[in-house]
Amino acid sequence: MKKAIFIFCMFILTIQCTIYSENTESPLIIESAYLKKVASADPGTVKLFLTNTSKKKARIRRLFLNDTLLDNFPDSRIYWFKISSNPVLPSQTIEILIKLKNAPQRPLKVSIEDARGNVISRVVYFKNYPHQITCIAYNKNLTKTYLYIQNTDNETLNIGNVFINNRNVNKLIDIPIECIKPGQKKCLIINHKKPLKWGKHNFYKIENKRKEPIAGALARVYHYFPLQAWDYDNNPEMNFDKYYPFLPYPDNKIEINKYKKAKSLMAYQIIEDPACTDRDDNNGSLGSCAKEIIERETELLKNDDIHPTFLFLCQYKKPLNYYVYGELADITGLATYEVSKYNKTPFDDIENVKKAVASASPRPLIVILGAYKEGENDSRYPTPEELEISVWGAIANGAKGIMYFEKEFKTGGYNENPLLKRKISEINTQLLKIKELITISDVVELVKTDNKKIKVYSLLVAKKGIMVFVIKKDYNKSQLGELNTRQDEKINISVTIPEGMKIKAVKSIAGKPLRFTTNENSLLFEGEFKNNVHVYYLEAT
């Protein structure tokens with residue numbers, strides 16, 4: 001009898017130990033972790049993708065960096081950290097971002113403690129990850145997702161599986177891509193059986209043939225290309241959108257309930273220019289607004305799951321402020337006034353756009369360009385030619401919306417400058433024809449020229465075609481600082497046609513059309529460059 005009781009007790013103890021052991025194993029697993037660093041001035045962002053493998057919610061209690069608790073921020077190590085969703089729902093994958101203050105000199109250990117005290121860790125190396133999802137876009141009725149994947153490795157990337165919210169979508173892919181060669185970028189098109197929900201967060205994961213995660217991104221479903229003045233212009237002659245794209249941050253739930261009924265294309269502006277708020281309210285300590293931004297965004301998502309969030313970045317401590325704040329909202333805005341405020345060239349605006357697009361990627365970036373004169377002596381209007389270059393240069397480098405800033409200053413803006421006003425109307429007319437195509441495009445290097453007096457750029461528009469941008473950059477400065485771009489140039493430009501794409505038409509969007517010839521794999525433009533900007537759409541079959 002004693003022996004039987006002993007065996008029974010040992011059996012119960014074994015069961016209890018087994019249950020205890022299972023309970024102490026965290027249901028959270030780290031799918032992948034890497035360092036995103038887009039420029040030498042960018043200290044880097046640690047990105048982790050965390051999946052809940054259980055059938056119950058799992059809560060993250062604490063986060064550690066090199067075994068030291070991440071608590072209040074900014075501190076000496078980080079500007080901020082952000083957990084996209086806590087608790088983590090069953091089978092859900094979330095994103096954890098840690099914005100570093102200094103570029104790491106050695107591998108980083110990131111540890112996550114769940115509500116039961118279980119800890120999982122991952123070592124993140126400071127080498128930038130070679131495979132990136134650079135752009136996530138959607139068509140107008142939200143039945144297609146466009147994933148642009150870049151391979152910066154020196155080896156061919158062989159794609160195995162593609163997942164959305166941990167569901168394999170290989171069967172939904174239009175023309176599956178098996179490999180991406182070194183230096184290439186390609187677009188995966190996913191056809192959905194029914195429209196996606198506007199404002200929903202989706203997690204995208206790509207595996208190689210060995211079923212190893214090689215790229216991941218979290219993005220909110222959104223499709224809109226804003227074309228407006230920053231303070232709204234309803235003049236029909238200007239060819240602006242009829243709608244203003246932003247909602248103010250609501251002060252209470254009554255206002256949230258009111259804004260929930262607004263058009264879904266509108267986004268909440270979480271805070272007024274965070275970097276300049278840091279300068280004015282926080283003794284210039286960059287990153288001080290991050291905590292409030294994250295708290296506001298979390299509160300908005302709880303009460304309104306339709307409208308995305310928006311932050312615009314301005315002048316203070318640029319471009320570092322792009323890297324600090326560029327990934328915090330669903331949509332990023334860049335206010336760049338290099339010509340009108342600093343008497344520089346449009347290419348200085350374009351350089352700002354390139355840096356901000358890289359920082360925000362794969363989030364969309366909206367560009368706000370100066371179309372004003374700040375004072376009688378300390379600034380000037382951009383010339384129509386300069387503004388045209390700034391706009392098309394921004395589009396060519398990945399901008400997903402254009403706005404014009406003008407009304408804050410007593411001297412006014414483009415409304416007091418007839419030539420500038422006419423040029424904005426002309427540009428808007430051209431953009432209206434192609435903005436739906438721009439929305440689903442991404443920057444891909446497909447165009448070359450041997451003429452050093454012009455810049456050439458290209459956008460891949462999924463499988464629909466290619467946009468080519470030719471911009472004159474040979475300037476002679478006048479005494480007033482305005483830029484003369486009138487000199488004609490003889491040019492030749494070659495465009496490489498991606499494998500599997502055939503061009504059926506070449507459409508001129510801006511500038512006097514140039515002659516062109518085509519063959520199976522390339523297209524050649526030739527002629528005299530009489531305008532400051534030429535834009536073409538190479539439409540595929």
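Hydrogens, waters and symmetry mates play no part in the numbers below; they use all other heavy atoms, side chains included. Given the structure is predicted, the values throughout are model-derived calculations rather than measurements.
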### Query
If you measure only the distance, is there a donor-acceptor pair under 3.5 Å linking the side chains of Asp233 and Tyr414?
yes
- Task: Would you check if there is a donor-acceptor pair between the side chains of Thr45 and Glu327 at a distance under 3.5 Å?
- Result: yes
task = Begin from the C-alpha positions of Phe73 and Phe81 and carry the test ring pair (Phe, Tyr, Trp, His ring centres under 6.0 Å) through to its verdict.
result = CA-CA 8 Å; Phe73 57 79; Phe81 71 85; 5.3 Å; yes
Note to self: Please determine whether side chain to side chain contact (heavy atoms under 4.5 Å, CB included) holds for the pair Ile294 and Glu299, giving the CA-CA distance in whole Å, both sets of side-chain angles, and the decisive distance to 0.1 Å.
What the structure shows: CA-CA 9 Å; Ile294 292 168; Glu299 187 65 23; over 6 Å; no
Q: Could you tell me whether a side-chain N or O of Arg363 sits under 3.5 Å from a main-chain N or O of Ile331, the two making a donor and an acceptor?
A: no
Margin query: Checking side-chain polar atoms at under 3.5 Å, does His201 have a donor or acceptor matched by the opposite partner on Ser84?
Written below: no
**Flag for Asn118-Ser26: side-chain donor and acceptor within less than 3.5 Å** = no
Using distance alone, with no hydrogens and no angle criterion, decide if Glu31 and Thr51 have a side-chain donor and acceptor under 3.5 Å apart. yes
- prompt: When you measure from the centre of the six-membered ring of Tyr79, is the NZ or CZ of Lys101 under 6.0 Å away and within 45° of the axis?
  reply: yes
Check your understanding: Can a donor-acceptor pair be found between the side chains of Glu178 and Asn158 at a distance below 3.5 Å?
Key -> no
**Study point:** Note, Leu320 side chain near Pro43 side chain (heavy atom, < 4.5 Å)
**Key:** yes
Here the gap from Leu334 atom CG to Leu369 atom CG, rounded to the nearest 0.5 Å, amounts to 8.0 Å
### Under 3.5 Å side-chain donor-acceptor pair for Glu297 and Thr309
yes
Scanning both residues in full, the closest heavy-atom pair of Val324 with Gly287 reads CG1-CA, 4.1 Å
Test item: Asn282 side-chain N/O and Ser285 main-chain N/O as donor-acceptor pair under 3.5 Å: no
Regarding Asp42 and Lys36, does a basic nitrogen lie under 4.0 Å from an acidic carboxylate oxygen?
no
Please examine the side chains of Ile29 and Ile120, heavy atoms only from C-beta on, and report whether any two atoms are closer than 4.5 Å. no
Glu212 and Lys205 ion-paired at < 4.0 Å:
no
**OP:** Mind running ring pair (Phe, Tyr, Trp, His ring centres under 6.0 Å) on Tyr204 and Phe163 for me, showing each step along the way?
**Re:** CA-CA 6 Å; Tyr204 301 87; Phe163 299 86; over 10 Å; no
Between Tyr372 and Tyr337, does the ring centroid distance fall short of 6.0 Å?
yes
Output, in order, the C-alpha distance, side-chain angles, deciding distance and verdict of side chain to side chain contact (heavy atoms under 4.5 Å, CB included) for Leu247 and His307. CA-CA 9 Å; Leu247 295 164; His307 296 95; 4.0 Å; yes
TODO: Say whether, by atom type as modelled, one donor and one acceptor occur between the side chain of Thr336 and the main chain of Asn352 under 3.5 angstrom.
DONE: no
Output for pair (Leu328 CG, Leu97 CG), nearest 0.5 Å, gives 8.0 Å
Among side-chain atoms of Asn151 and Lys186, is any donor-acceptor pair under 3.5 angstrom?
no
Of Ile136, Leu460, Val443, the one forming a side chain to side chain contact (heavy atoms under 4.5 Å, CB included) with Tyr148 is Leu460
Next item on the list: Under the side chain to side chain contact (heavy atoms under 4.5 Å, CB included) rule, what do Asp442 and Leu459 come out as? Steps first, then yes or no, please.
Entry: CA-CA 5 Å; Asp442 197 18; Leu459 297 175; over 6 Å; no
The single option from Phe312, Phe310, Tyr268 that satisfies ring-ring contact (aromatic ring centres under 6.0 Å, His included) with Phe246 is Phe310
Taken to the nearest 0.5 Å, the spacing of Ile98 CD1 from Arg77 CZ works out to 9.5 Å
Against the six-membered ring of Tyr322, is Lys355 placed for a cation-pi contact (under 6.0 Å from the centre, within 45° of the normal)? no
- Does a donor on one side chain and an acceptor on the other come within less than 3.5 Å for Glu436 and His223? yes
- Query: Are a donor atom and an acceptor atom from the side chains of Ser91 and Asn166 found within less than 3.5 Å of each other?
  - Reply: no
Presence of salt bridge, Lys464 and Glu539, under 4.0 angstrom: no
Is any side-chain N of the basic residue among Glu338 and Lys318 closer than 4.0 Å to the acidic one's carboxylate O? yes
| query | Is there a side-chain contact between Ile96 and Lys47 (heavy atoms, below 4.5 Å)? | reply | no
> Can a donor-acceptor pair be found between the side chains of Asn161 and Asn170 at a distance below 3.5 Å?
Replying inline: yes
Using modelled atom types and a 3.5 Å cut-off, is there a donor and acceptor pairing between side-chain atoms of Trp80 and backbone atoms of Pro74?
no
Note: Tyr232 and Asp241 closest approach over all heavy atoms is CE1-O, 4.5 Å
| request: Evaluate the salt bridge (Lys or Arg N to Asp or Glu O under 4.0 Å) criterion for residues Asp330 and Arg220: first the C-alpha distance (whole Å), next the side-chain angles of each, then the deciding distance (0.1 Å), finally the verdict. | output: CA-CA 7 Å; Asp330 299 315; Arg220 205 157 182 189; 2.8 Å; yes
Going by atom types alone, do Asp278 and Tyr325 pair a side-chain donor with an acceptor below 3.5 Å? yes
With a 3.5 Å distance limit and no angle check, can you tell me whether Thr152 reaches the backbone of Pro130 through a side-chain donor-acceptor pair?
yes
| request: Could you check Ile402 against Val391 for side chain to side chain contact (heavy atoms under 4.5 Å, CB included), going step by step and ending with a plain yes or no? | output: CA-CA 7 Å; Ile402 294 293; Val391 169; 4.2 Å; yes
Check your understanding: Hey, does the side chain of Asn235 reach the backbone of Glu237 with a donor-acceptor pair shorter than 3.5 angstrom?
Key -> yes
Side chains of Tyr146 and Asp174: any donor to acceptor distance under 3.5 Å?
no
Check your understanding: Between the main-chain N or O of Glu272 and the side-chain N or O of Thr277, is there a donor-acceptor pair closer than 3.5 Å?
Key -> yes
